[in-house]
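Starting from 1, each residue takes its place in the sequence as its number. In each ligand, atom 1 is the first atom listed, and ligand 1 is the first ligand listed.
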Amino acid sequence: MSTVAEFMPTAIAHLSRWKQQNRRIAALTAADFVIAQILDQAGVDLILVGDSLGMVTLGFANTLPVTLEMMVHHAQAVCRGVSRAIVVVDLPFLSYQASPEQALLAAGRMLKETTAQAVKLEGGYPEVVETIRRLVQVGIPVVGHLGLTPQSVHRLGYRQQGEDPVAAEQIRQQSQSLAAAGVSAIVLEHIPEHLAAELTRQLVIPTIGIGAGADCDGQILVTHDLIGLSAQQPPFAPKRLDLRGAIAQVVAEYCQEIHTPSE
Ligand code: KIV
């Protein structure tokens, strides 16, 4: 007979255990029930409801218009499809930067209204670190995000970060501050491979890389990029499937069939 424990999702604490065991973490994004269910059943360890959904699912030019309301809505759909993987949800732009109290209410809402186990916040400046410390203190697990942080697109663009020694040192120090504040893992996006490898060796918590080389403790991709659904492909994430092309072909064949007059 099945027990309740069998249907429990993997605990967020597994992330640090996996690092100790040198077990790599396979992570992908999801924004809806169907994709989440496929990823969960295929063995993905961590599913991120990333605010990139604003671009790949909702058609915005960047992630800035995404609201907390939208993230809760998509996170609820994803959580309905997941019975095993860890689910982490992004706090969107301006839902946590105003004050630790604002962040607490946003993150708390996410954990109360979905079955996600952690929230992800971008950046490593002292204000963000202070906010993360507060969330962790009240029992909200947090994943950090350094390097290319899309919510800062107007300041950083979508360029690789940490290339010069000063910028690399800033990322080093920010990663240590995030670890000290109690994050469960750090996403390293689009930074030089050697820097990501160095941080991975130094940190006791796992690094999850995207465009940061093969030496991170885990890898994450936007699922739409992986399966070829995105309109624009990032340089570090080649598609492994052309689902956009496959759908277009099937739909064109269907339309032709309907439009062709029968004899
Ligand atoms: O929003 C997102 O999908 C992300 C990943 C790129 C890590 O933050």
Side-chain angles (χ1 to χ4, degrees), residues 15 25-32 35-36 39 44-68 70-75 77-78 82 85-97 106-107 110 114 116 118-124 128 132 142-153 156-162 171 174-175 178 183-191 196 199-200 205-213 216-227 229-239:
L15 291 176
I25 300 156
L28 283 170
T29 64
D32 62 54
I35 296 284
L39 302 187
V44 168
D45 299 310
L46 184 152
I47 296 177
L48 172 70
V49 187
D51 61 357
S52 60
L53 68 83
M55 298 168 80
V56 298
T57 304
L58 302 177
F60 294 127
N62 54 48
T63 60
L64 303 189
V66 177
T67 64
L68 185 62
M70 292 173 192
M71 292 307 292
V72 170
H73 175 76
H74 284 278
V78 166
V82 174
I86 296 167
V87 177
V88 178
V89 185
D90 267 347
L91 288 191
F93 181 60
L94 278 198
S95 71
Y96 61 94
Q97 289 94 341
M110 201 58 80
T114 76
V119 292
K120 178 164 79 60
L121 276 65
E122 291 186 7
V128 178
I132 290 175
V142 177
V143 171
H145 184 156
L146 294 176
L148 194 170
T149 45
Q151 291 177 17
S152 306
V153 59
L156 305 177
Y158 291 120
R159 288 184 303 277
Q160 188 179 55
Q161 301 297 308
I171 293 176
Q174 291 182 345
S175 70
L178 290 182
V183 294
S184 302
I186 302 179
V187 168
L188 297 175
E189 180 165 357
H190 209 12
I191 63 170
L199 300 182
T200 302
I205 46 151
T207 60
I208 303 178
I210 169 164
C216 293
D217 297 302
Q219 295 291 329
I220 184 160
L221 285 174
V222 173
T223 298
H224 280 57
D225 296 337
L226 181 77
I227 62 180
L229 266 184
S230 301
Q232 279 183 332
Q233 205 72 23
F236 49 78
K239 57 184 162 201

### Query
Looking at Tyr158 and Ala61, what are the two nearest heavy atoms and their distance?
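Looks like OH-O, 4.2 Å.
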Return a table of N or O atom pairs, ligand 1 on one side and protein on the other, at distances under 3.5 Å, rounded to 0.1 Å.
residue  : atom  : partner : partner atom : Å
ligand 1 : 1 (O) : Asp51   : N            : 3.2
ligand 1 : 1 (O) : Asp51   : OD1          : 3.2
ligand 1 : 1 (O) : Ser52   : N            : 3.0
ligand 1 : 1 (O) : Ser52   : OG           : 3.4
ligand 1 : 1 (O) : Asp90   : OD2          : 3.1
ligand 1 : 3 (O) : Ser52   : OG           : 2.6
ligand 1 : 8 (O) : Lys120  : NZ           : 2.9

- Among pairs that include at least one residue of residues 51-63, which meet side chain to side chain donor-acceptor pair (under 3.5 Å), considering only residues two or more places apart or in two chains?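 Counting only pairs at least two positions apart or across chains, the side chain to side chain donor-acceptor pair (under 3.5 Å) contacts touching residues 51-63 are Asp51-Gln151.
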> Side chains of His190 and Gln161: donor-acceptor distance under 3.5 Å anywhere?
Replying inline: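 No, no side-chain donor-acceptor contact under 3.5 Å.
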Practice problem: Decide yes or no for Arg159 and Leu148: does some side-chain heavy atom of the first lie under 4.5 Å from some side-chain heavy atom of the second? | Solution: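 When only atoms from C-beta onward are counted, Leu148 and Arg159 do not touch, as no gap falls below 4.5 Å.
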- Is there side-chain contact between Ile208 and Asp217, with at least one heavy-atom pair below 4.5 Å?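 Not touching, per the 4.5 Å side-chain cut-off.
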Exercise for review: Decide yes or no on side-chain hydrogen bond (donor to acceptor under 3.5 Å, both in side chains) for Asp225 and Ser230, but give the supporting numbers first.
Suggested key: CA-CA 5 Å; Asp225 296 337; Ser230 301; 2.5 Å; yes
